[in-house]
Amino acid sequence: MRKTITFIVTKDCQLACKYCYLIGKNNKERMSWDVAKKAIDYILSHEDDFQDEGIIWDFIGGEPFLEIDLIDKICDYLKEQMFTRNHHWFDNYMFAFTTNGLNYNSEKLQNYIAKNKDHLSITITIDGTERKHDINRIYKGSGKGSYKDVVKNIPLWLTQFPKASTKITISSEDIPYIKESVMHVYDLGIHDVHINCVFEDVFKEGDDLLFEEQVVALADEIIDKDYYKDHVCSFFDESIGKPLDPVYRNNNWCGAGRMLSIDSAGNFYPCTRFAQYSLRDKKAWIIGNIEEGIDQNKLRPFLLLDRCTQSPQKCIDCEVASGCAWCQGENYDAAEIPTLYQRATAICKMHKAQVRANNYYWNKLYRKLELEGLREEFEENRPVSNQEMC
């Protein structure tokens, strides 16, 4: 297993995406080198407290690549320190980024990529067609869509990371464009699409039926045109839409508390979603800082979380509970009181709609494979998401 440690290097971004959960973005809170170095020194000098086999050093904003100089310095120092300390992470680490892709072709970023390419995971977010992308992913100030400025960098990205995946986010307004957007992303050369509905309570009456209609139409397109052979879409997964497995039924969905995030003030969080710029109605949940370390008492509630402690009984007994996700930070922010133990269920109808479309997909695909005598071949060679392999 790999631990994820996230540096919030900036809270600034060129975009003001309408569905972004980071509601407190600004251009003032930027991580300094002094804070970053102290965080690294604390983590690497407490090796006994971080026994995970490998490490993902994650960088987030805002837009992380606005701070490419700092990131480059951090990564150089990490590599040097993991080597000189003979740290067990030295041979098992990744630097991970999700970026809006706007400055992907900059000279500084390209030099950084060339230097670290064997240990890099970079996801460029493109929401689909220009029509869908520009509904939400707009420049701050002008409100202009960003699609054209992102899509021009996709070929370079795919040349460097041909197996890269992208992430498409669904909100109420852009549901009618799901099918065309996934197919457009495939046609751009991206074979691995992770797509999900926002966790916030934004969906209107009837959105679930329109959502199901779009995902069924997408299923038809993927199967009828044989994209299923070498493309992945996270909407279609045989493990979802079943009663909870008796063995794993009480597992927590979210990794909050087993991750670690650091902000520009040197505060530690159990996940980025517990930093103040991520929260609408609650106070930040700080579990320590670079000077005093991690406060185990403030971390402990996260380590005790499981499905049953935070879910209503209807969710535990639900016949299609498997694969129904939640965000621990959204649970906390949406709760009636400041608690981790109240699960937000705003996406219940959307999950059930996805399950119906998912069942349609696998029933249709296996009928096609049986008729063509190709089921065994498909089982042996089915495409796997890069993120699932991590």
Side-chain angles (χ1 to χ4, degrees), residues 4-31 35-36 56-68 70-71 96-103 122-127 133-146 150 166-174 194-202 254-257 259-287 325-335 338 344 346-347:
T4 298
I5 296 179
T6 301
F7 294 90
I8 306 173
V9 292
T10 180
K11 294 182 181 176
D12 194 13
C13 186
Q14 308 99 314
L15 302 182
C17 299
K18 296 177 185 177
Y19 52 54
C20 185
Y21 64 87
L22 301 173
I23 61 169
K25 289 187 289 190
N26 64 80
N27 59 10
K28 297 177 182 178
E29 295 180 79
R30 300 167 55 194
M31 183 174 284
V35 166
I56 298 172
W57 300 106
D58 182 43
F59 298 86
I60 195 172
E63 167 51 41
F65 287 135
L66 290 176
E67 294 295 328
I68 185 59
L70 174 63
I71 288 169
F97 302 85
T98 297
T99 173
N100 59 35
L102 294 175
N103 64 344
I122 299 179
T123 297
I124 292 181
T125 299
I126 184 163
D127 253 2
H133 184 100
D134 286 350
I135 287 174
N136 285 306
R137 301 188 67 78
I138 58 175
Y139 281 97
K140 65 180 181 183
S142 71
K144 174 178 172 288
S146 61
V150 177
T166 193
K167 183 174 182 292
I168 295 177
T169 301
I170 304 300
S171 62
S172 179
E173 191 176 358
D174 54 32
H194 289 258
I195 183 167
N196 66 275
C197 298
V198 299
F199 288 104
E200 290 75 20
D201 189 4
V202 301
C254 175
M259 303 179 285
L260 183 69
S261 293
I262 309 124
D263 71 2
S264 61
N267 291 318
F268 290 153
Y269 302 92
C271 166
T272 302
R273 289 294 297 255
F274 288 85
Q276 196 61 62
Y277 81 140
S278 299
L279 297 168
R280 303 179 303 274
D281 300 315
K282 299 295 191 298
K283 292 183 179 179
W285 195 309
I286 299 172
I287 60 169
W326 63 84
C327 166
Q328 210 70 60
E330 177 59 19
N331 285 0
Y332 171 62
D333 207 12
I347 63 167

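Quick caveat, the model's predicted, so the values are computed rather than measured.
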Is the shortest heavy-atom distance from the side chain of [X] to the side chain of [Y] under 4.5 Å?
X: I126; Y: R137; value: no
X: S264; Y: R30; value: no
X: Y277; Y: T272; value: yes
X: F7; Y: D58; value: no
X: T98; Y: I60; value: no
X: N196; Y: I347; value: no
X: F59; Y: L70; value: no
X: Q328; Y: F274; value: yes

By side chain to side chain contact (heavy atoms under 4.5 Å, CB included) - contacts of E63 (at least two apart):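 With sequence neighbours excluded, E63 shows a side chain to side chain contact (heavy atoms under 4.5 Å, CB included) to C13, Q14, F65, L66, T99, N100, N103, given in chain and number order.
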Donor-acceptor under 3.5 Å ([X] side chain, [Y] main chain):
X: D134; Y: S146; answer: yes
X: S261; Y: Y269; answer: no
X: E330; Y: E200; answer: no
X: K11; Y: L22; answer: no
X: D127; Y: T125; answer: no

Measure the spacing between [atom1] of [X] and [atom2] of [Y] and express it to the nearest 0.5 Å.
X: I138; Y: L15; atom1: CD1; atom2: CG; value: 8.5 Å
X: Y19; Y: I135; atom1: OH; atom2: CD1; value: 10.5 Å
X: I8; Y: D263; atom1: CD1; atom2: CG; value: 5.5 Å
X: K18; Y: T169; atom1: NZ; atom2: OG1; value: 14.5 Å
X: I195; Y: K167; atom1: CD1; atom2: NZ; value: 9.5 Å

Listed partners of D333 passing salt bridge (charged side-chain N to carboxylate O under 4.0 Å, His left out), at least two apart: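 By the salt bridge (charged side-chain N to carboxylate O under 4.0 Å, His left out) rule, D333 matches R280.
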Side-chain ion pair, D12 and K140, N-O less than 4.0 Å: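 Result for this pair is yes, salt bridge flagged.
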Return the minimal non-hydrogen interatomic distance between G61 and P64, and the atom names on each side.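 Reported closest heavy-atom pair: N-CD, 3.8 Å.
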Can you name the closest pair of heavy atoms from K25 and A16 and give their distance?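 Shortest heavy-atom contact: NZ-CA, 4.4 Å.
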Just by distance, no angles: are the side chains of S171 and N136 close enough, under 3.5 Å, to form a donor-acceptor pair?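 Side-chain D/A pair, S171 to N136: present.
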R273 to Y332 six-membered ring, cation-pi geometry met (6.0 Å, 45°):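 Here R273 fails the 6.0 Å and 45° test against Y332.
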